[in-house]
Amino acid sequence: QERLVESGGGLVQAGGSLRLSCVFFGRIDNIHSMGWYRQAPGKQREMVAQMTRAGSTDYADSVKGRFTISRDNAKNTVYLQMNSLKPEDTSVYYCNAKALYPMGFPYWGQGTQVTVSS
């Protein structure tokens, strides 16, 4: 019943920018946080950025100062503005939402490919 729909991925040159969007369809009142994860080939999935219901944010050290997470509560939408992109940012990016009940239960989007060329 709950769905996350991502958009905005693509191919960009190093130093360029992309903006990812994620819309949550479902019971938003049961969501504690939303954010972005990424998983490159042969690597584990890692947290990139997340924002809680209260508005606090957290970023991976590798993206601090370059990526910004934001939201539009009226649209149940979270964004990831990615600037100064590097080839090592190349990955599939997944939108994530965590439930209040059961605590921490995750919902995942289908993923969107981000490729940064040298």
Side-chain angles (χ1 to χ4, degrees):
Q1 189 171 348
E2 287 74 26
R3 290 193 304 140
L4 294 167
V5 180
E6 301 133 322
S7 62
L11 174 63
V12 66
Q13 295 183 96
S17 298
L18 285 173
R19 188 195 192 205
L20 307 183
S21 299
C22 174
V23 183
F24 178 79
F25 297 91
R27 300 199 302 178
I28 194 65
D29 59 300
N30 193 42
I31 297 301
H32 175 260
S33 66
M34 292 182 65
W36 296 90
Y37 290 69
R38 66 187 181 188
Q39 186 167 19
K43 296 184 177 181
Q44 297 297 310
R45 184 165 46 192
E46 65 172 342
M47 189 275 292
V48 177
Q50 61 184 356
M51 177 178 286
T52 69
R53 178 187 293 269
S56 63
T57 59
D58 191 22
Y59 296 91
D61 288 341
S62 60
V63 307
K64 287 180 179 177
R66 300 188 297 121
F67 291 11
T68 303
I69 188 169
S70 61
R71 68 187 180 191
D72 185 336
N73 290 336
K75 296 181 178 180
N76 290 350
T77 300
V78 65
Y79 306 95
L80 185 67
Q81 179 66 45
M82 304 185 294
N83 298 327
S84 301
L85 282 161
K86 304 175 180 180
E88 51 261 45
D89 295 318
T90 295
S91 188
V92 178
Y93 284 70
Y94 297 91
C95 188
N96 166 267
K98 295 185 176 69
L100 288 166
Y101 184 85
M103 179 61 70
F105 185 87
Y107 299 98
W108 295 98
Q110 294 298 303
T112 185
Q113 177 70 46
V114 172
T115 302
V116 184
S117 62
S118 301

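Basis for what follows: all heavy atoms, side chains included, without hydrogens, waters or symmetry-related copies. Predicted, not measured: the structure shown is a model, and the values here were computed from it.
Under the salt bridge (charged side-chain N to carboxylate O under 4.0 Å, His left out) test applied with Arg38, the options Glu46, Glu6, Glu88 reduce to a single match, Glu46.
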After noting the C-alpha distance and the side-chain angles of Met82 and Asp89, does the key distance pass the side chain to side chain contact (heavy atoms under 4.5 Å, CB included) rule?
-> CA-CA 10 Å; Met82 304 185 294; Asp89 295 318; over 6 Å; no
Which is it for Phe24 and Val78 under the side chain to side chain contact (heavy atoms under 4.5 Å, CB included) test, yes or no, and what are the steps along the way?
-> CA-CA 8 Å; Phe24 178 79; Val78 65; over 6 Å; no
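In the hydrophobic clustering of ILVMFWY residues, with side-chain heavy atoms under 4.5 Å counting as a link, Tyr37 and Val92 come out together.
Between the side chain of Ser91 and the main chain of Ala40, a donor-acceptor pair closer than 3.5 Å is present. Side-chain N or O atoms of Thr57 include none that pairs as donor or acceptor with a backbone N or O of Met51 at under 3.5 Å. Proximity of a side-chain donor or acceptor of Arg66 to a complementary backbone N or O of Ser84 within less than 3.5 Å is detected. Arg53 places a side-chain N or O within donor-acceptor distance of the main-chain N or O of Ile31, the cut-off being under 3.5 Å.
In plain terms, the two heavy atoms of Leu85 and Leu18 that are nearest each other are CD1-N, 3.9 Å. The two atoms that bring Val48 and Val63 nearest to each other are O-CG2, 3.6 Å, heavy atoms only. Across every non-hydrogen atom of Ala49 and Leu80, the tightest pair is CB-CD1, 4.0 Å. Considering all non-hydrogen atoms of both residues, Tyr101 and Asn30 come closest at O-ND2, 2.9 Å.
If you take OG1 on Thr68 and OH on Tyr79, they are separated by 14.5 Å, rounding to the nearest 0.5 Å.
Between Asp61 and Lys64 there is a salt bridge, since at least one side-chain N of the basic residue sits less than 4.0 Å from a carboxylate O of the acidic one.
Classification of the Trp108-Tyr94 ring pair by plane angle, with boundaries at 30° and 60°, yields perpendicular.
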